[in-house]
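In what follows, a structure is listed as structure tokens, so that the remarks can point back to it.
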2 protein chains.
Amino acid sequence: MSKRRILVPFKKRTHDHAECIDSALVSAQSSCERQGLRLTKMRRRVLELVWRGHTPVKAYDILEELRKEDRAAAPPTVYRALDFLLNAGLVHRIESLSAFVGCGGPATPHFGQFLICRECSAVAEIDAPAIARALVADAEALGFHADRQTIEIKGLCADCSRLDP
Amino acid sequence: MSKRRILVPFKKRTHDHAECIDSALVSAQSSCERQGLRLTKMRRRVLELVWRGHTPVKAYDILEELRKEDRAAAPPTVYRALDFLLNAGLVHRIESLSAFVGCGGPATPHFGQFLICRECSAVAEIDAPAIARALVADAEALGFHADRQTIEIKGLCADCSRLDP
DNA sequence: GGCTGTAATGTTATAGTATAACGTTTCAAA
DNA sequence: TTTGAAACGTTATACTATAACATTACAGCC
């Protein structure tokens, strides 16, 4: 089996999620400073909402949340913040769900490979460079120059498959 | 490098596409007969439109085309036909584009691994079972039971990278 | 052939996702 | 302090998809 790093594991229902949010914000902060990017109040708040849990978050759910907090907000507000966060490598878009998750390893650029539980919606992010390289090699063999990959795996996480065998 | 089958190659601009359409319809026909599925006039027509070229086709483009042909048509008409074709394994959905392409190997079930040219939009479909298996194994190592994969690679096809180096 | 029940399609309405275009504010650097 | 670019506000609209219910088509039976 290939070497594989776990960027975001499946979390226990009981873990201290405030800590997840915190550490995500801290590393976002320093990641932005390093790159000379501005993590504004709005962007920071949207990032925080994306990290609300370990399940993908929809743009309009973020919007709704912002509106609860008396911020004037319209779709472009959210999509602009998400665009920034995507480009900054702080969140990933789950294409098959039209939704967003926090990135587990913003320090180094990568595309992300996602395991998505169809029962509880939990998402884990792994990084298996051997697989990414094998895909690039296969593409290259056809004269195709790959510059981006989307890899999303659906199934049942360990917890849910125990319950629903 | 892993063994890899090419289910739909990148096509020369000059190839005889009528033949592609024809062979897709013929194998769809027999695939449906084998599975006891009804390839109705509407479904057949939508499949034909998905195969209009080797680039992903959007649902509303299909809709527009149907309307030109005097068929009464509304979004559900198209989405229902596409659902059928997806379940029958005759087309794939490209998640990152919200669009559809004809399946190159409808005889055997598979998820499809797609190379998508960001210049000319051409799509090739490959089948690299070793990669699919490696992903399943990586998932399994985390206790995750994978039952579906989405793999989409973006980049430049050989023709376009020659022009745009 | 004529029934009959299910599958397929038609139709209307609406939900959900995303961006265009232009105006205003903010803020870092000169 | 000015100033210009980046960020954000605002309105409108485009694009993607499905719900819900009516009607039609069709295979299997008598």
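Keep in mind the model is a prediction, meaning the values are calculated, not measured. Every chain is numbered from 1 and lettered A, B, ... according to where its sequence line falls, protein lines coming before strand lines.
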Verify the contact: side-chain N or O of A:Thr40 to OP1 or OP2 of D:dC8, cut-off strictly under 4.0 Å; return yes or no.
-> yes
Within less than 4.0 Å of OP1 or OP2 of D:dT10, is there a side-chain N or O belonging to A:Thr77?
-> no
Roughly, in whole Å, what's the span from [atom1] in [X] to [atom2] in [N]?
X	N	atom1	atom2	result
A:Leu63	D:dG9	CG	P	11 Å
B:Leu66	C:dT9	CG	C1'	12 Å
B:Phe84	D:dT18	CZ	C1'	20 Å
B:Leu39	C:dA7	CG	P	18 Å
B:Leu85	C:dA8	CG	P	12 Å
B:Ile94	D:dT16	CD1	C1'	16 Å
B:Tyr79	D:dA20	OH	P	18 Å

Sequence neighbours excluded, the answer for side-chain hydrogen bond (donor to acceptor under 3.5 Å, both in side chains) partners of A:Arg80 is none
Would you be so kind as to tabulate the donor-acceptor pairs closer than 3.5 Å made by side chains of residues 104-112 of chain A, with sequence neighbours excluded?
from, atom 1, to, atom 2, distance (Å)
A:His110, ND1, A:Thr108, O, 2.8
A:His110, NE2, A:His92, NE2, 3.2
A:His110, NE2, A:Glu125, OE2, 2.8

Looking at residues at least two apart in the chain, or sitting in another chain, which of them share a salt bridge (Lys or Arg N to Asp or Glu O under 4.0 Å) with A:Arg13?
-> A:Asp159
Can you name the salt bridge (Lys or Arg N to Asp or Glu O under 4.0 Å) partners of A:Glu48, sequence neighbours left out?
-> A:Arg45
Side-chain donor-acceptor distances from residues 141-148 of chain A under 3.5 Å, at least two apart:
from, atom 1, to, atom 2, distance (Å)
A:His145, ND1, A:Glu140, OE2, 2.6
A:Asp147, OD1, B:Arg118, NH2, 2.6
A:Asp147, OD2, B:Arg118, NE, 3.2

Would A:Arg67 and A:Glu64 count as a salt bridge (Lys or Arg N to Asp or Glu O under 4.0 Å) if you check the C-alpha gap in whole Å, the side-chain angles of each, and the deciding distance to 0.1 Å?
-> CA-CA 5 Å; A:Arg67 281 177 165 160; A:Glu64 194 183 340; over 6 Å; no
With sequence neighbours left out, which residue pairs that include part of residues 17-41 of chain A fulfil the ring-ring contact (aromatic ring centres under 6.0 Å, His included) condition?
-> A:His15-A:His17, A:His17-A:His54
For A:Phe114, which fellow cluster members are found when Ile, Leu, Val, Met, Phe, Trp and Tyr are connected by side-chain heavy-atom distances below 4.5 angstrom, either directly or through intermediates?
-> A:Ile94, A:Leu97, A:Val101, A:Ile116, A:Val123
Going 5' to 3' along nucleotides 21-30 of chain C, which nucleotides have protein heavy atoms under 4.0 Å from the base (write B), which only from the sugar-phosphate (write S), and which from neither (write -)?
-> B-----S---
Under a 4.0 Å heavy-atom cutoff, the residues of residues 42-60 of chain A touching DNA chain D are A:Met42, A:Arg43
